[in-house]
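Here the structure is a predicted model, which is why all the values come from computation and not from measurement. Every number for a ligand or one of its atoms is a count from 1 in the order of the listing.
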Amino acid sequence: MISSDLLQALFDISPAGIAIADEQGRYLQVNDSYCCLFGYSRAELIGNTFGLILAEQDKSLEAMILNLALTQDQSSPTEWQVQHKSGRTLFVHSSFKTFIYPDGCAKIITVLSDVSAMVCTLNTLQDQEAKLIKTNESLEQIVSRRTIELERANDELARLATQDSLTATLNRRAFEFEAAKIIYAADRYDRPASFMFLDIDYFKAINDQYGHAVGDMVLKKLALNIRGLLRASDVLARWGGEEFVICLPDTALADAIMVGEKILEACRQLRLTHQQFTISLTISGGVVQRACNESLDEVLQNADVLLYEAKRTGRNRLLAEIAKPLYAYKSELLNFQI
Ligand SMILES: Nc1nc2c(ncn2[C@@H]2O[C@H](COP(=O)(O)OP(=O)(O)OP(=O)(O)O)[C@@H](O)[C@H]2O)c(=O)[nH]1
């Protein structure tokens with residue numbers, strides 16, 4: 001048993017606020033910590049009810065709280081929002097116990113500790129956590145938006161890196177890449193592949209007569225027309241200037257010639273208008289079927305030699321040949337020149 005003077009000392013020096021109230025909730029005794037916690041003097045509290053320290057919104061609950069205190073002990077502390085004399089809100093942890101004396105009178109002992117700083121820190125942390133969650137969400141949105149933009153930019157870059165900007169056909173580098181794949185498959189599965197060079201006849205004259213912009217328009221329209229006459233698997237590229245190259249996978253020379261003649265004929269029929277002028281044009285071409293194990297350079301050189309021959313022998317024609325070693329053409333050309 002703890003002696004009553006020890007209990008009194010405990011009451012006096014406790015850093016927790018301790019109050020003893022009667023069954024009407026009127027303060028009978030309060031320690032210094034309790035007075036200090038709420039800013040009231042002992043004289044102001046004694047005789048008053050604990051309603052004095054209830055937060056404004058809880059004042060109407062005074063009777064209910066008193067009934068709760070009288071009927072059930074609260075030994076583990078619960079959090080309450082109460083009010084300092086100045087009106088400032090305080091958060092306290094409160095435990096209470098009710099003693100019923102032999103004469104039937106009840107006394108409620110309440111122990112309070114101030115947890116305002118802790119609650120304030122907790123609230124701040126919760127606010128910060130909510131802000132972090134929001135920031136995180138908006139960051140995720142930004143990242144996914146940027147990822148989409150980046151993917152689009154990458155697609156655009158890939159397109160620019162592989163396309164001729166004027167005619168939207170493949171550029172030379174992309175053609176070489178695609179043709180290498182077709183050559184690999186042709187050798188692997190023993191399939192034919194043909195290659196064709198096409199070049200507009202007297203294109204310089206169109207530029208000179210109508211201007212460079214009209215020349216550009218002619219190139220674009222021609223590319224569009226050629227593309228429309230090819231299979232999806234055929235590879236069309238602008239080789240440079242007014243020269244186009246086509247790789248026809250799974251196509252032997254006879255079929256490649258048919259495709260080439262179709263293009264030349266479509267070109268002859270093509271009528272492009274500029275102001276009051278109607279522009280017509282012809283193209284020349286050289287087409288070869290690739291010989292087994294022939295490199296891309298070799299087969300293109302062979303097609304180019306034929307194109308050169310088509311130009312030299314009058315233009316507006318397609319010359320065709322199953323590929324043979326380049327020196328054979330060179331010697332033929334040499335003979336011709338002699
Ligand atoms: N408008 C335009 N012209 C180009 C472009 N690239 C090259 N050219 C022009 O194409 C013309 C090609 O002239 P040439 O090499 O003499 O050929 P050609 O006049 O077609 O004569 P042949 O090929 O011998 O029938 C030049 O005037 C170049 O300036 C281009 O992107 N746009």
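Using a 3.5 Å distance cut-off with no hydrogens or angles, the side chains of Asp114 and Ser116 do pair a donor with an acceptor. Between the side chains of Glu265 and Gln269, at least one donor N or O lies within less than 3.5 Å of an accepting N or O. Under 3.5 Å, the side chains of Gln8 and Asp12 contain a donor-acceptor pair of N or O atoms.
Atoms of ligand 1 lying under 4.0 Å from any heavy atom of Asp216, numbered from 1 in the order shown and given with element: 1 (N), 2 (C), 30 (C), 31 (O), 32 (N). Close approach to Arg315 involves these atoms of ligand 1, each under 4.0 Å from a residue heavy atom: 22 (P), 24 (O), 25 (O). With ligand atoms numbered from 1 in the order given, ligand 1 contributes 20 (O), 25 (O) to contacts under 4.0 Å with heavy atoms of Asp201. Each of the atoms 1 (N) of ligand 1 lies under 4.0 Å from some heavy atom of Gly215. Proximity to Tyr202 (heavy-atom distance under 4.0 Å) selects the following atoms of ligand 1: 18 (P), 19 (O), 20 (O), 21 (O), 22 (P), 25 (O).
Checking only distances, Ile200 does come within under 3.5 Å of ligand 1, N or O to N or O. Residue Phe203 has at least one nitrogen or oxygen atom sitting less than 3.5 Å from a nitrogen or oxygen atom of ligand 1, judged on distance alone.
Side-chain contact between Leu219 and Phe203: present, with at least one pair of heavy atoms (C-beta onward) separated by less than 4.5 Å.
Listed by first then second residue, pairs satisfying salt bridge (Lys or Arg N to Asp or Glu O under 4.0 Å) with a partner in residues 94-112 read Asp73-Lys97, not counting sequence neighbours.
Under 4.0 Å is where a charged nitrogen must lie from a carboxylate oxygen, and between Asp32 and Arg42 at least one such pair does. One finds no salt bridge joining Arg172 and Asp164 here, because no Lys/Arg side-chain nitrogen approaches an Asp/Glu carboxylate oxygen to under 4.0 Å. Using a 4.0 Å cut-off between a side-chain N of Lys or Arg and a carboxylate O of Asp or Glu, Glu309 and Arg312 qualify as a salt bridge.
For atom 27 (O) of ligand 1, the closest non-hydrogen atom of the protein is Lys204 CG, 3.5 Å. From the protein, the heavy atom lying nearest to atom 12 (C) of ligand 1 is Glu242 OE2, 3.4 Å. The protein heavy atom nearest to atom 23 (O) of ligand 1 is Lys311 NZ, 2.8 Å. What sits closest to atom 7 (C) of ligand 1 on the protein, heavy atoms only, is Gly241 CA, 3.5 Å.
Between Phe38 and Tyr34, the two ring planes are tilted [angle within 30° to 60°].
Under 4.0 Å from ligand 1, the heavy atoms of Asp199 that appear belong solely to its side chain. Under 4.0 Å from ligand 1, the heavy atoms of Asn207 that appear belong solely to its side chain. At a 4.0 Å heavy-atom cut-off, ligand 1 does not touch Asp208 at all. When non-hydrogen atoms are compared, ligand 1 lies under 4.0 Å from the side chain of Arg238 (C-beta onward) but not from its backbone.
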Checking salt bridge (Lys or Arg N to Asp or Glu O under 4.0 Å) for the pair Glu149/Arg146: CA distance, chi angles, key distance, verdict? CA-CA 5 Å; Glu149 285 170 5; Arg146 290 280 153 81; 3.8 Å; yes
